[in-house]
K.L.:
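Supplied in structure tokens, the structure appears directly below.
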Amino acid sequence: MKKVLMVTATVLLALGIITFIVTVVISFKVVKQTTDKINFAVKDQIQPLVRIPSVIPPETKSFDKTIYIWEMETKEGEIIKVKLTHDTAFSQKVDKVNMVLEMDGGDPSVFNKVLPAVIADKQTIISIVDPKRMNTESNTEAHYNKIDFTTKPETGQVTKVIWEFNKEFLTGRNEDLYNKIYSYPEPILKGLYKVQRIILEAFST
């Protein structure tokens, strides 16, 4: 009886180790590599809207969102941090994705000075620079459905810009990459994504 239990325990342990190894391999070789490629492709894809410096890596990557933070300097030597957050569309449940540009602390007046150098989309810039000509409607060339602005009530200075897109804006241009991760049921995909994040964080401390 003891021998049977020991054999059973050994088999279960071996299966557990094999399962763990396979999970880690898939997590890194498939999920991490594919989601990193998606983030890289999306960064290049949104350049016609927001000029993210090519040397800036993501500040934060999660299953739902990717965040970039970088510094901008005015002609007067004023420096402000700019934060760009975009949805990833890794979840098959979403049908809309957002991209948010905002200041990461600092003075709204400085933020507004650097916006023309950060934002490449003419419709958005005109709406910020000349509120009388504000146009928050869809732009078929830039592929967004609408723009939302958050402003400082006292001055009307913009503190946040939000663009909304159909999910296909991301998935349509990167169909092969998204199909690769969509082949996994979402709970499993989230688990595989979390595994590689936990391991990377553990080794970074």
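Hydrogens, waters and symmetry mates play no part in the numbers below; they use all other heavy atoms, side chains included. Numbers for residues simply follow the sequence, beginning at 1.
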K.L.:
Could you tell me how the ring of Phe90 sits relative to the ring of Phe63: parallel (under 30°), tilted (30 to 60°) or perpendicular (over 60°)?
P.N.:
perpendicular
K.L.:
With a 4.5 Å limit on heavy-atom distance, are the side chains of Thr35 and Tyr178 in contact?
P.N.:
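Of all side-chain heavy-atom pairs linking Tyr178 with Thr35, none is under 4.5 Å.
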K.L.:
Please tell me if the side chains of Ile46 and Phe169 come closer than 4.5 Å, counting only heavy atoms from C-beta onward.
P.N.:
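Yes, side chains in contact.
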K.L.:
Ring-plane angle category for Phe165 and Tyr144, please: parallel below 30°, perpendicular beyond 60°, tilted otherwise.
P.N.:
perpendicular
K.L.:
Side chains of Ile38 and Thr88, heavy atoms from C-beta outward: is any pair under 4.5 Å?
P.N.:
no
K.L.:
Strictly distance-based, threshold 3.5 Å: is any side-chain N or O of Asn174 a donor or acceptor partner for the main-chain N or O of Leu177?
P.N.:
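Between the backbone of Leu177 and the side chain of Asn174 there is no qualifying donor-acceptor contact (under 3.5 Å).
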K.L.:
Taking a hydrophobic cluster as the set of Ile, Leu, Val, Met, Phe, Trp and Tyr residues connected by side-chain heavy atoms closer than 4.5 Å, whether directly or through intermediates, do Ile79 and Val114 fall within one such cluster?
P.N.:
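No, because Ile79 and Val114 fall into different hydrophobic clusters, even though each may have its own neighbours under 4.5 Å.
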K.L.:
To the nearest 0.5 angstrom, please state how far the OG1 atom of Thr150 sits from the CD atom of Gln157.
P.N.:
13.5 Å
K.L.:
Checking the side chain of Glu175 only, and the main-chain atoms of Gly172 only, is there a donor and an acceptor separated by less than 3.5 Å?
P.N.:
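Pair absent, no side-chain N/O of Glu175 close to backbone of Gly172.
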K.L.:
Donor-acceptor pair, distance only, cut-off 3.5 Å: does the side chain of Gln92 make one with the backbone of Tyr182?
P.N.:
yes
K.L.:
Is the shortest side-chain heavy-atom distance between Met99 and Leu84 below 4.5 Å?
P.N.:
yes
K.L.:
Distance check, rounded to the nearest 0.5 Å: Ile126 atom CD1 versus Asp121 atom CG?
P.N.:
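If we round to the nearest 0.5 Å, Ile126:CD1 and Asp121:CG are 9.0 Å apart.
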K.L.:
Between the main-chain N or O of Ser54 and the side-chain N or O of Lys43, is there a donor-acceptor pair closer than 3.5 Å?
P.N.:
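Yes; at least one donor-acceptor contact below 3.5 Å.
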K.L.:
Below 4.5 Å, heavy atoms only, C-beta onward: do Ile128 and Phe149 meet side chain to side chain?
P.N.:
yes
K.L.:
Just verifying a value: how many Å separate Leu189 CG and Ser183 OG, rounded to the nearest 0.5 Å?
P.N.:
8.5 Å
K.L.:
Any chance you could lay out the side-chain hydrogen bond (donor to acceptor under 3.5 Å, both in side chains) test for Asn39 and Thr66, step after step, and finish with the verdict?
P.N.:
CA-CA 8 Å; Asn39 275 318; Thr66 300; 2.6 Å; yes
K.L.:
Test Thr159 against Glu102 for side-chain hydrogen bond (donor to acceptor under 3.5 Å, both in side chains), laying out the working first.
P.N.:
CA-CA 6 Å; Thr159 58; Glu102 59 191 321; over 6 Å; no
K.L.:
Taking side chain as C-beta onward, heavy atoms only, is Glu78 less than 4.5 Å from Glu73?
P.N.:
no
K.L.:
So does Val158 get a backbone contact from the side chain of Asn112, meaning a donor-acceptor N/O pair under 3.5 Å?
P.N.:
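Yes, because the side chain of Asn112 sits within donor-acceptor range (under 3.5 Å) of the backbone of Val158.
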K.L.:
Between Trp70 and Ile52, is there a side-chain heavy-atom distance shorter than 4.5 Å?
P.N.:
yes
K.L.:
If Ile, Leu, Val, Met, Phe, Trp and Tyr residues are connected whenever their side-chain heavy atoms lie under 4.5 Å apart, and connections chain through other members, are Ile199 and Tyr193 in the same group?
P.N.:
no
K.L.:
Can you list everything that forms a salt bridge (Lys or Arg N to Asp or Glu O under 4.0 Å) with Lys65? Sequence neighbours excluded, please.
P.N.:
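Once residues adjacent in sequence are excluded, the partners of Lys65 under the salt bridge (Lys or Arg N to Asp or Glu O under 4.0 Å) criterion are Asp87.
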K.L.:
What about Val118 and Ile162, same hydrophobic cluster or not, with Ile/Leu/Val/Met/Phe/Trp/Tyr joined at side-chain heavy-atom distances under 4.5 Å?
P.N.:
no
K.L.:
Mark yes when over 12 heavy atoms from residues, nucleotides or ligands other than Lys122 sit less than 6.0 Å from its NZ; otherwise mark no.
P.N.:
no
K.L.:
Is there a side-chain contact between Met134 and Ile147 (heavy atoms, below 4.5 Å)?
P.N.:
no
K.L.:
Any chance you could measure Trp163, atom CH2, to Gln123, atom CD, to the nearest 0.5 Å?
P.N.:
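So the gap between those two atoms works out to 11.0 Å.
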K.L.:
Report, as yes or no, whether the 6.0 Å neighbourhood of atom CD on Glu141 holds more than 12 heavy atoms from other residues, nucleotides or ligands.
P.N.:
no
K.L.:
Would the distance check show the side chain of Arg51 and the main-chain N or O of Ile119 forming a donor-acceptor pair, the cut-off being under 3.5 Å?
P.N.:
yes
K.L.:
Please say yes or no: joined through hydrophobic side-chain contacts below 4.5 Å, possibly via intermediate residues, are Val31 and Ile188 part of one cluster?
P.N.:
yes
K.L.:
Under 4.5 Å between side-chain heavy atoms, hopping through other hydrophobics if needed: is there a path connecting Ile80 to Val100?
P.N.:
no
K.L.:
For the side chain of Thr136 and the backbone of Asp148, is there at least one donor-acceptor N/O pair under 3.5 Å apart?
P.N.:
no
K.L.:
Taking Glu137 first and then Lys146, would you say they form a salt bridge - that is, a charged N and a carboxylate O separated by under 4.0 Å?
P.N.:
no
K.L.:
Would you give the length of the straight line joining atom OG1 of Thr85 to atom NZ of Lys160, rounded to the nearest 0.5 angstrom?
P.N.:
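Answer for the OG1-NZ pair, Thr85 versus Lys160, is 8.5 Å.
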K.L.:
Would you say Ser62 and Asp64 are linked by a side-chain donor-acceptor pair, where the criterion is simply a distance under 3.5 Å?
P.N.:
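Asp64 vs Ser62: no donor-acceptor pair found between side chains.
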K.L.:
Indicate yes or no for a side-chain donor-acceptor contact from Asn166 to the backbone of Glu168 under 3.5 Å, with no hydrogens or angles considered.
P.N.:
no
K.L.:
Measure the CD1-CD distance between Ile181 and Gln33 for me, rounded to the nearest 0.5 Å.
P.N.:
13.5 Å
K.L.:
Apply salt bridge (Lys or Arg N to Asp or Glu O under 4.0 Å) to Asp36 and list each qualifying residue two or more places apart in sequence or on a separate chain.
P.N.:
Lys32, Lys61
